[in-house]
Engineer: 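Here you go, one structure.
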2 protein chains.
Amino acid sequence: MTDTAELAGELRLAVHRLTRRLRQENPPDDLTLSQISALAVVFREGSLTAGDLAAAEQVRPPSMTRMIAALETAGMVERTTNPADARQVMVSITERGRSTMETYIRLREQWLTEQLADLSGDELATLQRACDLLVRLAGR
Amino acid sequence: MTDTAELAGELRLAVHRLTRRLRQENPPDDLTLSQISALAVVFREGSLTAGDLAAAEQVRPPSMTRMIAALETAGMVERTTNPADARQVMVSITERGRSTMETYIRLREQWLTEQLADLSGDELATLQRACDLLVRLAGR
DNA sequence: TATTGTTATACTCTATAACTATA
DNA sequence: TATAGTTATAGAGTATAACAATA
């Protein structure tokens with residue numbers, strides 16, 4: 001039987017290490033990984049409020065304000081006030097943001113992709129199942 | 001067959017999410033997760049140089065200098081100059097550091113442990129195998 | 001009064017570049 | 001001259017508290 005406390009420690013360490021390693025690989029167009037992650041939501045979902053975007057990314061509103069400001073400065077998204085409720089800010093992707101995402105999807109996670117290419121089919125399947133589990137855990 | 005580029009994207013997202021979620025759970029004695037991680041190495045390995053500790057944790061020397069300073073302030077480790085080579089700083093765990101680690105190991109990763117308790121044996125086995133793979137990937 | 005978002009502030013984590021001390 | 005570590009500086013990523021605007 002598996003010792004869950006032991007596994008928790010190993011999992012935390014493993015995730016910590018990979019996060020550090022991934023940060024060393026530069027995403028395209030000088031966007032950070034967090035910015036890419038938020039932009040991907042706008043790309044997928046279309047126009048949505050700042051609050052919904054914060055919820056989707058599981059960050060606090062001030063953190064999302066920062067990310068949106070950075071993405072706006074980079075010309076990736078536009079902020080507009082919702083006419084139906086002037087408290088809300090609608091965030092939508094620009095042409096440039098769309099093309100950046102399309103390029104990014106094509107070259108996605110290049111470093112990680114290269115590393116994965118060395119793994120066996122079994123190992124890839126394990127990681128695939130693990131991804132779903134990690135996202136589930138993070139959503140608690 | 002698995003699309004490794006697709007999987008790379010999912011894996012990056014999953015790891016990102018879990019890192020953020022874990023950061024919300026407070027480690028004991030006001031130590032951060034990174035500090036606990038470094039302290040665990042000193043606890044396991046015994047006295048070692050700052051450089052070896054940086055290598056073990058896969059961070060740059062200045063980052064380790066910071067971590068060691070924080071751990072020293074918290075009374076968890078001691079820094080001493082190596083008499084055999086006065087350039088080197090030896091880092092060793094204090095009584096307080098040892099007892100903190102022992103408590104931590106006992107309560108380790110409580111939140112994560114609780115979440116894991118809800119998973120099936122199959123799912124735990126998947127995560128166990130995934131841990132080894134993630135650490136291997138991070139080590140490239 | 002409640003909700004949405006922003007600003008102000010602060011802390012962790014990490015890096016590169018430049019420096020000091022020792023070998 | 002080379003190595004070990006530190007200091008100075010900077011930037012990403014995030015949070016809480018206080019605030020303004022709108023409902």
Side-chain angles (χ1 to χ4, degrees), chain A residues 12-13 15-27 29-39 47-74 77-91 138, chain B residues 12-13 15-27 29-39 47-74 77-91 138:
Chain A
R12 219 253 327 124
L13 178 68
V15 163
H16 193 198
R17 287 275 164 88
L18 189 56
T19 294
R20 279 208 283 239
R21 184 64 187 79
L22 283 171
R23 188 160 32 213
Q24 292 168 16
E25 300 299 320
N26 271 343
D29 285 275
D30 292 326
L31 296 184
T32 66
L33 291 172
S34 288
Q35 286 163 19
I36 284 281
S37 183
L39 184 59
S47 180
L48 73 179
T49 71
D52 287 347
L53 190 46
E57 285 291 283
Q58 295 180 301
V59 298
R60 301 293 176 186
S63 303
M64 188 46 68
T65 294
R66 290 280 174 102
M67 287 186 208
I68 292 170
L71 286 171
E72 198 181 23
T73 300
V77 301
E78 276 173 351
R79 293 163 67 264
T80 52
T81 300
N82 184 355
D85 182 342
R87 291 173 306 181
Q88 292 185 333
V89 166
M90 305 303 296
V91 181
Chain B
R12 219 253 327 126
L13 177 68
V15 163
H16 194 197
R17 287 274 164 88
L18 189 56
T19 294
R20 280 207 283 239
R21 184 63 186 79
L22 282 171
R23 187 161 30 214
Q24 293 168 15
E25 300 300 319
N26 270 344
D29 285 276
D30 293 327
L31 296 183
T32 66
L33 292 170
S34 288
Q35 287 163 18
I36 284 282
S37 182
L39 184 59
S47 179
L48 73 178
T49 71
D52 287 347
L53 189 47
E57 285 291 281
Q58 295 180 299
V59 297
R60 301 292 176 185
S63 303
M64 188 45 68
T65 293
R66 291 283 173 103
M67 287 187 208
I68 293 169
L71 287 171
E72 198 182 22
T73 299
V77 301
E78 276 174 350
R79 294 163 67 263
T80 52
T81 299
N82 184 356
D85 182 343
R87 292 173 305 182
Q88 292 185 333
V89 166
M90 306 302 296
V91 181

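Sequence lines set the chain letters: A, B, ... in the order given, protein chains first and strands last, and positions in each chain run from 1.
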Engineer: Within the 4.5 Å heavy-atom criterion, are A:Leu31 and A:Leu71 side-chain neighbours or not?
Structural biologist: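 A side-chain contact exists here, since the closest heavy-atom pair is under 4.5 Å.
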Engineer: Quickly work out the A:Leu33 CG to C:dT14 P distance and round it to whole Å.
Structural biologist: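 Distance, rounded to whole Å: 14 Å.
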Engineer: To the nearest Å, how far apart are B:Leu22 CG and D:dA15 C1'?
Structural biologist: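 Spelled out: CG on B:Leu22 to C1' on D:dA15 is 16 Å.
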Engineer: Using atom types as modelled and distance alone, determine if a side-chain donor or acceptor of B:Gln35 lies under 3.5 Å from a backbone N or O of B:Ala74.
Structural biologist: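 The answer is no, because no donor-acceptor pair under 3.5 Å joins these two groups.
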Engineer: Please report the distance, rounded to the nearest Å, between CD in B:Gln24 and C1' in D:dT16.
Structural biologist: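 B:Gln24 atom CD is separated from D:dT16 atom C1' by 13 Å.
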Engineer: How close do B:Leu22 and B:Leu33 get, counting heavy atoms only, and between which atoms?
Structural biologist: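 Between these two residues, the closest heavy atoms are O-CD1, 3.9 Å.
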Engineer: Just to confirm, is there a sub-4.0 Å distance from OP1 or OP2 of D:dA15 to any side-chain nitrogen or oxygen of B:Arg23?
Structural biologist: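 It does not, given that no N or O in the side chain of B:Arg23 lies less than 4.0 Å from OP1 or OP2 of D:dA15.
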Engineer: Rounded to whole Å, how long is the line connecting atom CD of A:Gln35 with atom P of D:dG11?
Structural biologist: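 Those two atoms, CD and P, are 14 Å apart.
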Engineer: Can a side chain N or O of A:His16 be found less than 4.0 Å away from OP1 or OP2 on C:dT14?
Structural biologist: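 Answer yes for this pair, as a side-chain N or O of A:His16 is under 4.0 Å from OP1 or OP2.
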Engineer: Pair up each side-chain donor or acceptor in residues 60-69 of chain A with any protein partner under 3.5 Å, not counting sequence neighbours, and list the distances.
Structural biologist:
residue	atom	partner	partner atom	Å
A:Thr65	OG1	A:Pro61	O	3.2

Engineer: Just the rounded figure in Å: distance from C1' of D:dA12 to CZ of A:Arg20.
Structural biologist: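 Those two atoms, CZ and C1', are 15 Å apart.
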Engineer: Considering heavy-atom distances to DNA chain D, does A:Ser34 or B:Asp52 have its closest nucleotide positioned more toward the 5' end?
Structural biologist: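 Its nearest nucleotide being more 5', the pick is B:Asp52.
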Engineer: At a cut-off of 3.5 Å, list every protein nitrogen or oxygen paired with a nitrogen or oxygen from nucleotides 20-23 of chain C, distance to 0.1 Å.
Structural biologist:
residue	atom	partner	partner atom	Å
C:dA23	OP1	B:Ala86	N	2.9

Engineer: Give me the atom names and distance for the closest heavy-atom approach of A:Ser37 to B:Arg12.
Structural biologist: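 Nearest pair, atom of A:Ser37 first, then B:Arg12: CB-NH2, 4.1 Å.
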Engineer: Hey, is the side chain of B:Thr32 poking within less than 4.0 Å of OP1 or OP2 on C:dC11, counting only N and O atoms?
Structural biologist: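 The answer is no; no side-chain N or O of B:Thr32 sits under 4.0 Å from OP1 or OP2.
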Engineer: Flag the pair B:Thr49 / B:Met90 as yes when at least one side-chain heavy-atom distance between them is below 4.5 Å, and no otherwise.
Structural biologist: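 Contact flag for B:Thr49/B:Met90 side chains = yes.
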Engineer: Less than 4.5 Å apart, side chain to side chain, heavy atoms only: is that true for A:Gln58 and B:Arg21?
Structural biologist: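 They are not in contact (no side-chain heavy atoms under 4.5 Å apart), so the answer is no.
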Engineer: Mind checking whether B:Glu57 and B:Ser34 have side chains closer than 4.5 Å, heavy atoms only?
Structural biologist: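 Of all side-chain heavy-atom pairs linking B:Ser34 with B:Glu57, none is under 4.5 Å.
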Engineer: Could you tell me the separation between the CD atom of A:Glu25 and the C1' atom of D:dA12, rounded to a whole number of Å?
Structural biologist: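 Spelled out: CD on A:Glu25 to C1' on D:dA12 is 16 Å.
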Engineer: Check each residue of residues 57-67 of chain B for a non-hydrogen atom within less than 4.0 Å of any atom in DNA chain D, then write out the ones that pass by number, or none.
Structural biologist: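 Only B:Pro61, B:Pro62, B:Thr65, B:Arg66 qualify.
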Engineer: Take atom CZ of A:Arg79 and atom P of C:dG5, then tell me their distance rounded to the nearest Å.
Structural biologist: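 So the CZ-P distance, A:Arg79 to C:dG5, works out to 10 Å.
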Engineer: Just the rounded figure in Å: distance from C1' of D:dA15 to CZ of B:Arg21.
Structural biologist: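 For the pair B:Arg21 CZ and D:dA15 C1', the rounded distance is 14 Å.
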Engineer: To the nearest 0.5 Å, what is the distance between CG (A:Leu53) and CG (A:Leu48)?
Structural biologist: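 Output value for this atom pair is 5.0 Å.
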